[in-house]
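See below for the structure under consideration.
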Amino acid sequence: MAPRRARIAFSDSAAKQLEELSENAVHALDRTLVAISVNPEIGDPIPGPDTQPALRQYADEIEDIRVLYFITALRTVVVVAYIEV
């Protein structure tokens with residue numbers, strides 16, 4: 001049996017960003033979120049205070065997008081922001 005994918009949720013600010021994305025950017029974000037949901041540890045920890053949950057970033061060079069997120073104790077990935085690079 002394959003491992004369960006992480007659930008993806010958006011912070012209020014990230015949800016607001018969705019409204020302003022182009023269709024191409026939404027497709028790129030979707031593909032990036034699939035990669036994160038399959039392996040939430042794929043991103044690199046962002047240095048900062050030793051608080052939990054730790055903020056992480058994942059940059060998809062093919063899609064030219066960077067996602068900032070954290071993983072909850074129940075393995076939900078909460079997207080904080082995303083940036084087209």
Side-chain angles (χ1 to χ4, degrees):
M1 177 187 249
R4 183 178 71 94
R5 284 187 178 186
R7 182 175 160 263
I8 302 287
F10 294 93
S11 68
D12 290 342
S13 60
K16 186 173 182 171
Q17 281 184 289
L18 275 176
E19 298 169 6
E20 299 174 16
L21 290 179
S22 69
E23 186 175 332
N24 288 340
V26 170
H27 289 297
L29 177 62
D30 283 345
R31 288 188 290 272
T32 301
L33 293 177
V34 167
I36 293 171
S37 73
V38 170
N39 180 9
E41 303 294 329
I42 197 170
D44 299 316
I46 296 175
D50 290 333
T51 58
Q52 293 297 326
L55 197 59
R56 303 180 72 83
Q57 67 177 337
Y58 173 68
D60 187 318
E61 296 169 1
I62 295 171
E63 300 297 345
D64 288 333
I65 196 163
R66 185 170 66 129
V67 177
L68 305 179
Y69 66 97
F70 62 89
I71 307 166
T72 68
L74 297 175
R75 198 171 149 88
T76 296
V77 173
V78 178
V79 175
V80 176
Y82 31 90
I83 303 145
E84 291 179 83
V85 291

Just verifying a value: how many Å separate Arg5 CZ and Leu33 CG, rounded to the nearest 0.5 Å? 11.0 Å
Provide the closest heavy-atom pair for Phe10 versus Ala15 in the form atom of the first, atom of the second, distance. CB-N, 4.0 Å
Apply salt bridge (Lys or Arg N to Asp or Glu O under 4.0 Å) to Arg7 and list each qualifying residue two or more places apart in sequence or on a separate chain. none
Enter the distance from Glu41:CD to Arg56:CZ here, rounded to the nearest 0.5 Å. 4.5 Å
Using every non-hydrogen atom in the two residues, find where Leu74 and Arg4 come nearest and quote the distance to one decimal. O-NH2, 3.8 Å
Euclidean distance, Leu21 CG relative to Leu29 CG, rounded to 0.5 Å: 6.5 Å
Membership question, hydrophobic clusters at under 4.5 Å side-chain separation (ILVMFWY): are Val67 and Val26 in the same one? yes
Between the side chain of Gln17 and the main-chain N/O of Tyr82, is any donor-acceptor distance below 3.5 Å? yes
Closest approach of Ala35 and Tyr58, non-hydrogen atoms and distance? CB-OH, 4.4 Å
All heavy atoms of Arg75 vs all of Ile71, minimum pair found to be CA-CG2, 4.0 Å
Interatomic distance, Thr32 atom OG1 to Ile65 atom CD1 [nearest 0.5 angstrom]: 5.0 Å
In terms of hydrophobic clusters joined by side-chain contacts under 4.5 Å, are Val34 and Tyr69 together? no
Shared hydrophobic cluster, Val77 / Val38 (ILVMFWY, side-chain heavy atoms < 4.5 Å): no
Looking at Pro40 and Ala6, what are the two nearest heavy atoms and their distance? CG-CB, 3.6 Å
Same cluster or not: are Ile36 and Leu18 linked, directly or through other Ile, Leu, Val, Met, Phe, Trp or Tyr residues, by side-chain heavy atoms under 4.5 angstrom apart? yes
Rounded to the nearest 0.5 angstrom, the OG-NZ distance for Ser11 and Lys16 is 12.0 Å
